[in-house]
Amino acid sequence: MTPACHLHRYSSRSDRFLYLLYIFCLPLGRVFIRPEGLPTTLTVMPLSSIIMLIGVAALCLRRGKLPFTPRLGFFYALYAFMVIYSLVAAFIVSTDTPVSHNTSVILAPLENIVLYFVVLLSLFYNYYFLSYVYPVQRLFPIFDASCVMVIAMGYIQLGALLGAGALVSLYSFLGGILAVMPLDILIRMERGVTCFGAEPSSMALYCFILIPYLIASVRLQKRRRTGHIVLLAMLLPLLVSSNSSSVIILLCMTGISSFIYFFKKRLIKWIIAGAFVTGAIVTSMYAIDAPQSISKNMSTDEKSFEYITYGKIVDRKNYSTMMRSSTLAVNMKLFYTYPVTGVGLGVQGVFYNQYVPSWTKRSDEVKTLMKSSSPLSNGGGSFFPIMLSSFGIIGIIVFTIFLLKYRKSASSSVISSDMMIRCIWNISIPAIILALWYVASPKLNESMIFIISLAVITAARSNSGPIERNTYRR
């Protein structure tokens with residue numbers, strides 16, 4: 001490993017500015033509208049991912065190559081397993097598909113291979129700067145600025161939805177610059193606040209960094225407590241007004257984690273395990289078509305807590321969740337059909353038409369995918385169901401080994417040496433685990449990657465010296 005002082009000299013002022021800008025943009029999504037003429041595939045990436053790629057490219061050009069980082073070794077090993085296994089699986093599946101689709105099947109894993117390589121780059125980017133350039137505490141004012149930006153946009157959007165004339169005009173003006181949902185679409189589709197996201201569920205990413213950070217700061221930082229109470233009190237109503245089941249569920253999970261961590265700290269590991277088991281049980285029910293029987297006895301009041309947190313997910317008349325439900329069901333049915341080996345990452349779409357639940361076929365999104373000239377999809381957006389259908393029990397064994405190494409790394413990282421970071425991580429991880437079951441994956445999710453990367457960052461290597469423990473109150 002190259003010594004810290006030698007690594008630090010390769011980061012210029014512009015590199016350090018780019019990293020702080022990257023941190024600022026973590027919760028902001030795509031931010032700016034897509035310029036005409038640019039490829040859609042590139043410009044749907046969140047701005048933070050684009051900044052990260054530019055930053056990594058700059059470091060690579062300045063150094064000539066990126067240094068190998070042993071603390072990320074188990075991430076490299078997991079990625080190598082996913083790539084090799086998926087390419088072999090895709091080749092095997094291609095031999096049983098029509099000749100016209102052979103090439104498509106063989107190339108199916110490439111999208112995920114590229115996107116998970118981007119995840120590796122994000123992990124390295126955070127590791128490099130937080131181990132050799134900035135202490136994590138340097139980022140706290142940046143989180144404050146991001147929070148103010150999100151709150152400002154959220155209340156402008158909420159005011160516009162409520163018909164406040166001045167805010168409607170302001171929102172329309174901002175819509176010509178920023179990547180916010182057009183007001184007429186929000187009204188027509190009866191959607192709540194989305195801030196910079198394309199749909200209300202995108203507000204869930206605030207439960208990964210901003211909400212845990214504000215809660216931890218209110219508890220541990222006396223000097224910032226009042227201001228952060230105000231920010232938290234302003235941000236929470238925006239998340240609730242999104243009317244998204246994903247947001248409400250993750251917000252409840254964050255609240256439970258916070259309460260347990262502050263008052264029964266030793267039980268936090270059971271909350272993490274409980275989040276995993278809960279997600280597994282709920283997701284598994286899709287494979288046995290449990291939503292059919294559950295939805296008959298579920299409240300139909302769209303404003304009730306029961307409906308928002310679970311009824312919306314299983315409601316067979318709710319078209320907004322049918323696409324997600326179809327991919328969950330397909331992934332879990334594939335796991336039950338091929339429990340040992342799975343079918344390979346990215347190949348799930350070959351089996352989509354065969355396993356898609358009949359009740360989801362009323363959705364236009366599902367119809368479009370079923371009639372597509374290519375039978376492929378990326379397996380949906382839920383990480384754990386995709387991993388199960390991709391690698392089966394073999395993948396479970398490999399992933400268990402990965403988690404053990406991740407836990408060992410966390411025990412020697414900044415998480416174990418700093419109370420504020422430990423608090424943020426413990427509050428955020430249960431929400432991330434739950435989200436990975438039914439709504440999210442690490443791909444292009446920089447907020448999630450940032451929290452995950454904390455387990456490989458060693459505070460002792462920070463250029464700012466040892467952490468001041470007396471900054472926080474127990």
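Nothing here was measured: the structure is a model prediction, and the numbers come from that model. Values reported hereafter were calculated over all heavy atoms of this structure, with side chains retained and with hydrogens, waters and symmetry mates removed.
- Remark: aromatic rings of F450 and F208 are distant, center separation not under 6.0 Å.
- In this structure, the side chains of V456 and S413 stay at 4.5 Å or more apart for every pair of heavy atoms.
- Closest approach of P27 to L205, counting heavy atoms only: CA-CD1, 3.5 Å.
- Remark: T194 OG1 to L158 CG distance equals 11.0 Å, nearest 0.5 Å.
- Of the candidates Y116, F402, F81, F117, F402 is the only one forming a ring pair (Phe, Tyr, Trp, His ring centres under 6.0 Å) with F75.
- Aromatic rings from F399 and F391 are positioned such that their centres are separated by 6.0 Å or more.
- Annotation: cation-pi pair K265/Y261 present, NZ/CZ under 6.0 Å from the ring centroid and within 45° of its normal.
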Run the numbers on L28 and L47 for side-chain contact (heavy atoms from CB on, under 4.5 Å), then give the verdict. CA-CA 8 Å; L28 304 185; L47 183 58; over 6 Å; no
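- The heavy-atom pair separating G346 from N112 by the smallest distance is CA-ND2, 3.6 Å.
- Contact check for P135 versus L130: no side-chain heavy atoms found under the 4.5 Å cut-off.
- Using a distance-only test at 3.5 Å, with no hydrogens or angles considered, no donor-acceptor pair links the side chain of T278 to the main chain of A275.
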Test side-chain contact (heavy atoms from CB on, under 4.5 Å) on K405 and K408; report intermediate values, then the result. CA-CA 5 Å; K405 291 184 177 295; K408 182 179 179 181; 5.6 Å; no
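- Using a 4.5 Å heavy-atom threshold, the side chains of L174 and M153 count as touching.
- Looking at S146, its side chain does come within 3.5 Å of a backbone N or O of F24 through a donor-acceptor pair.
- Judged by distance alone, with hydrogens and angles left aside, the side-chain atoms of Q157 form a donor-acceptor pair with the main-chain N or O of C195 at under 3.5 Å.
- Side-chain atoms of S441 and I386, non-hydrogen and from C-beta on, never get closer than 4.5 Å to each other.
- We find the CG-CG distance between N331 and L388 to be 8.5 Å, quoted to the nearest 0.5 Å.
- Under a 3.5 Å cut-off, the side chain of Y128 and the backbone N or O of V56 do not form any donor-acceptor pair.
- Residues L436 and P442 meet the side-chain proximity criterion, which asks for heavy atoms closer than 4.5 Å.
- Using a distance-only test at 3.5 Å, with no hydrogens or angles considered, a donor-acceptor pair links the side chain of Y155 to the main chain of M234.
- Ring geometry, F384 versus F276: the interplanar angle exceeds 60°, so the pair is classed perpendicular (tilted spans 30 to 60°).
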Pair S409, R71 - check side chain to side chain donor-acceptor pair (under 3.5 Å), show working. CA-CA 7 Å; S409 178; R71 286 190 67 85; 3.1 Å; yes
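- If you look at F129 and Y125, their ring centroids are closer than 6.0 Å.
- Side-chain atoms of Q137 and D418 include a donor-acceptor pair closer than 3.5 Å.
- Between the side chain of S416 and the main chain of S411, a donor-acceptor pair closer than 3.5 Å is present.
- Side-chain N or O atoms of S428 include none that pairs as donor or acceptor with a backbone N or O of W425 at under 3.5 Å.
- Distance CG/L251 to SG/C207: 5.0 Å, rounded to 0.5 Å.
- R16 places a side-chain heavy atom less than 4.5 Å from the side chain of V133.
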Would you sort out whether C147 and L235 count as a side-chain contact (heavy atoms from CB on, under 4.5 Å), showing the intermediate values? CA-CA 8 Å; C147 194; L235 184 58; 4.1 Å; yes
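- Remark: R219 is positioned above the aromatic ring of F262, its terminal NZ or CZ atom under 6.0 angstrom from the ring centre and at most 45 degrees off the axis.
- Between the CD1 atom of I215 and the SG atom of C423 there is a distance of 8.0 Å, given to the nearest 0.5 Å.
- We find the OH-CD1 distance between Y213 and I424 to be 7.5 Å, quoted to the nearest 0.5 Å.
- By the 6.0 Å and 45° rule, R138 stacks over the aromatic ring of Y134.
- Among all heavy-atom pairs drawn from V193 and M203, the shortest one is O-CG, 3.6 Å.
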Begin from the C-alpha positions of Y76 and T69 and carry the test side chain to side chain donor-acceptor pair (under 3.5 Å) through to its verdict. CA-CA 10 Å; Y76 300 150; T69 52; 2.8 Å; yes
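- Annotation for L239 and I248: closest pair O-CD1, 4.3 Å, computed over non-hydrogen atoms.
- To the nearest 0.5 Å, atom CG of residue L123 and atom OG of residue S453 are 6.0 Å apart.
- Ring pair Y127/F124: centre-to-centre distance not below 6.0 Å.
- Contact record, S390 with L345: OG-CA, 3.3 Å, taken as the closest heavy-atom pair.
- The two residues P141 and R224 have their closest heavy-atom pair at CG-NH2, 4.0 Å.
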Checking side-chain contact (heavy atoms from CB on, under 4.5 Å) for the pair L121/L53: CA distance, chi angles, key distance, verdict? CA-CA 8 Å; L121 292 179; L53 291 174; 3.9 Å; yes
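- For the pair M332/S389, no side-chain contact is recorded, criterion being any heavy-atom separation below 4.5 Å from C-beta on.
- Under the 4.5 Å side-chain criterion, counting only non-hydrogen atoms from C-beta, F196 is in contact with M149.
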